[in-house]
Every structure is written in structure tokens, then in C-alpha cells.
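Notes follow once the structure below has been shown.
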Amino acid sequence: MMRSMKKSLLAILAVTTVLSFPAAAMAKPVTVTTSLKDYGGNGAYLALYVTDKNGAYAGSLWMAGGKSKYYRHLGNWYQATGGDTAQINGITGASVGSGRTLEVTLDLADALFDAGYTLHVDAAAEDMRESPNDASVALTSAGAGKPAKGRRYVSSISYAF
Amino acid sequence: MTRPLTLLITSTALTAMIAIPAWSAMRASAQGGAVLPLRSLAVQQAQSPLLVLVDDDEDEAGEYGDEGEDGGQGRISGNHDDDEACDDDEGSCGGGSSAAAAGTVAPPQNGLFSNGALPKVQVK
């Protein structure tokens with residue numbers, strides 16, 4: 001009887017442990033690949049951010065470029081955030097050179113996919129025009145691995161699980 | 001017989017208390033609300049720098065310089081010594097404190113990230 005009780009307790013413990021941490025089972029590493037055209041200029045600042053199905057800003061995923069005084073040239077992102085650097089703490093890296101490809105792997109919530117969210121890229125480079133929403137791609141399970149074209153700086157953007 | 005049953009009921013209730021808020025938050029996000037559940041389930045983890053940063057020195061080579069002429073509207077001027085000539089718009093340069101680099105702190109708790117690994121970046 002004691003053995004069966006122990007088995008029951010272990011089973012209950014296993015179930016409650018799994019159910020107590022649903023976040024771990026509802027996220028996955030996602031690699032976002034942003035390829036830049038050979039635009040022939042200096043390193044580009046890129047803001048990768050997400051909007052919801054209503055087009056409202058939902059949050060930032062990555063900022064390529066470390067000097068906050070240039071963030072105002074990433075127009076849509078700046079308008080949505082007011083340049084709040086707290087939005088990009090821990091997700092900031094170097095700017096990306098002409099013709100280079102940025103690959104960022106992020107642990108993202110499953111809820112971002114198939115729920116109307118869209119990934120956007122604002123881009124800007126020295127002595128060149130700003131390009132808000134240079135590229136965008138809907139975040140869906142079916143869309144993984146399918147590149148979307150950019151307008152000015154971005155050649156393509158895609159994501160993969 | 002009653003004791004295991006009691007234990008089962010107790011553990012189920014505990015699970016429900018933890019899981020239901022998470023599920024309801026997930027539903028709210030699926031219905032178009034902000035993605036919140038991860039915020040409510042945020043667990044502080046020890047910081048371990050797992051960032052893999054590769055060979056991009058573009059910030060030095062390709063950063064906006066101090067020389068150049070002012071461009072037209074919508075164009076970034078190379079003359080960006082904003083500390084001195086910060087008089088555009090309402091006088092705001094957007095030049096507040098810099099953001100923490102990836103790998104030094106956890107990503108923002110905006111509901112987009114899980115509480116898992118730190119970002120990894122590579123420039124090819």
C-alpha cells in the first residue's frame with residue numbers, strides 16, 4: 001500500500017511540475033535573418049519590432065546599432081517608443097554593414113505566431129535616406145523559412161524555428 | 001484510499017491556481033490583446049552571458065561620423081555631433097542613456113520573449 005501511495009505521489013508531482021511551468025513549453029528559439037542589399041554606404045541601424053493584428057506596437061525584438069542618438073532616424077520605431085532605450089535593453093548589438101546578413105536567435109513566445117503579429121524592420125544609414133518599415137513579415141507557422149523582400153536597405157527578412 | 005484522493009485533489013487545486021492565470025493570459029493574447037502571459041510568469045534567473053557575438057565591428061567602421069553636411073529631410077546627416085548641435089524638433093535629440101547590450105542583461109519583459117536563453121547574434 002505504501003508503494004502504491006509513493007507511486008501516486010510521484011505521478012502527481014510530475015504532473016504538477018509540468019503544468020506549473022507552462023511558459024517553458026510555450027516558447028521556442030526563433031532565428032530572424034535580415035539580409036541587407038549592397039547599398040554601398042556605412043553600417044545601417046536596424047530596429048526589429050512587432051505589431052499586433054491592429055497594427056499597434058507590441059514590443060522590440062532587436063536593435064542593431066548602439067548609439068541612442070541615432071534611433072530617431074528609425075522613424076516608426078521611434079514614434080512608437082519615444083526612443084525609450086528600456087525597450088531594447090539586452091537586445092542591442094552593432095550596426096550591420098552593407099551587403100551583410102544579421103542573424104539573431106531569440107527565445108520567443110509561441111503566442112506570437114498565428115495570432116496576427118507582424119515583424120517590421122526600420123532602417124537608416126549615414127548620409128542616406130531613412131527607411132521606416134523597410135521590410136515586414138507576418139509571424140505565422142506557415143511563414144517560417146519564407147523570405148519577405150525589403151524596400152531600400154533590406155534585401156530580405158525571414159525567420160525559422 | 002481517501003488519503004491518495006485527498007492528495008490528488010490538493011495537487012490539482014494547486015496546479016489550477018498556477019495554470020489558469022497563464023492560460024487566460026494566453027487566450028487574451030490570442031484574441032488580440034498584448035502578449036502578457038510571460039510577464040506574469042517571469043522568473044528571475046541567474047544571468048549567464050551566453051551571447052555569441054561575432055565579428056562585426058561595423059559600429060566603429062560604419063558609425064555615423066562627425067563630418068559631413070546636413071542632409072535634407074529624411075536623410076541622416078554625417079554631421080552628427082548632436083551634443084553640440086542638438087536643436088532640432090523640440091530640442092530633443094533622443095540621445096538618452098544607451099541601451100544595455102545583448103548578453104549583459106535579460107531581454108525586456110514585453111511578453112515577446114520567454115524566460116529562456118539570452119539572444120544570440122551573428123553577422124555574416
Side-chain angles (χ1 to χ4, degrees), chain A residues 5 8-9 12 15-16 19-20 22-23 26-27 29 42-43 50 52-54 58-63 65-73 78 83 85-97 100-109 111-112 115-116 124-130, chain B residues 3-4 7-8 11 14-15 18-19 22-23 26 29-30 32 34-35 37-38 41 53 56-59 61-65 68 71 74-78 80 82 93-108 110-124:
Chain A
M5 274 185 61
S8 302
L9 279 173
I12 291 165
V15 170
T16 53
L19 293 178
S20 297
M26 296 179 182
N42 287 325
V50 172
D52 64 17
K53 67 178 184 181
N54 297 319
S60 300
L61 293 184
W62 189 259
M63 173 66 76
K67 295 186 179 176
S68 59
K69 62 182 180 181
Y70 299 131
Y71 292 162
R72 62 195 174 100
H73 297 290
Y78 192 85
T85 55
Q87 303 259 350
I88 51 174
N89 272 335
I91 52 171
T92 299
S95 56
V96 183
R100 305 289 292 272
T101 296
L102 170 71
E103 280 188 2
V104 184
T105 300
L106 307 163
D107 222 34
L108 298 181
L112 276 183
E126 181 183 0
D127 289 332
M128 300 182 74
R129 294 194 74 84
E130 302 166 4
Chain B
R3 183 176 282 189
L7 288 169
L8 181 63
S11 64
L14 181 66
T15 304
I18 294 169
W23 277 111
M26 294 293 287
S29 70
V35 180
L38 296 178
L41 296 174
L53 184 65
D56 184 60
D57 288 329
E58 293 300 330
D59 249 8
E63 200 53 85
Y64 301 140
R75 190 177 282 269
I76 301 171
S77 166
H80 258 287
D82 283 358
C93 298
S97 58
S98 295
T104 58
V105 297
N110 55 16
L112 306 183
F113 299 96
S114 74
N115 293 319
L118 293 175
K120 296 177 184 175
V121 62
Q122 189 173 14
V123 177
K124 298 178 178 177

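Here is the naming used below: chain letters follow the sequence lines, and residue numbers restart at 1 for every chain. Side-chain atoms are counted along with the backbone in the values below, which use heavy atoms only and exclude waters and symmetry mates.
- Note that CG of A/L106 and NZ of B/K120 are 11.0 Å apart. Values are rounded to the nearest 0.5 Å.
- In this structure, A/E103 CD and B/K124 NZ are separated by 3.5 Å, a value rounded to the nearest 0.5 Å.
- The shortest distance between side-chain heavy atoms of A/L61 and B/L112 falls below 4.5 Å.
- Rounding to the nearest 0.5 angstrom, the gap separating the OG1 atom in B/T104 from the CG atom in A/N89 is 7.5 Å.
- For the residue pair A/A109 and B/G111, the shortest heavy atom distance occurs at CB-O, 4.0 Å.
- If you measure heavy-atom distances from A/V50 to chain B, the contacts under 4.5 Å come from the side chain alone.
- Applying the side chain to side chain donor-acceptor pair (under 3.5 Å) test to A/T92 and every residue at least two apart in sequence or in another chain returns nothing.
- Formation of a donor-acceptor pair under 3.5 Å by the B/N110 side chain with backbone atoms of A/S60 is found in this model.
- A distance of 9.5 Å separates OG in B/S98 from NZ in A/K69, rounded to the nearest 0.5 Å.
- Interatomic distance, B/L118 CG to A/I91 CD1, rounded to the nearest 0.5 Å: 12.0 Å.
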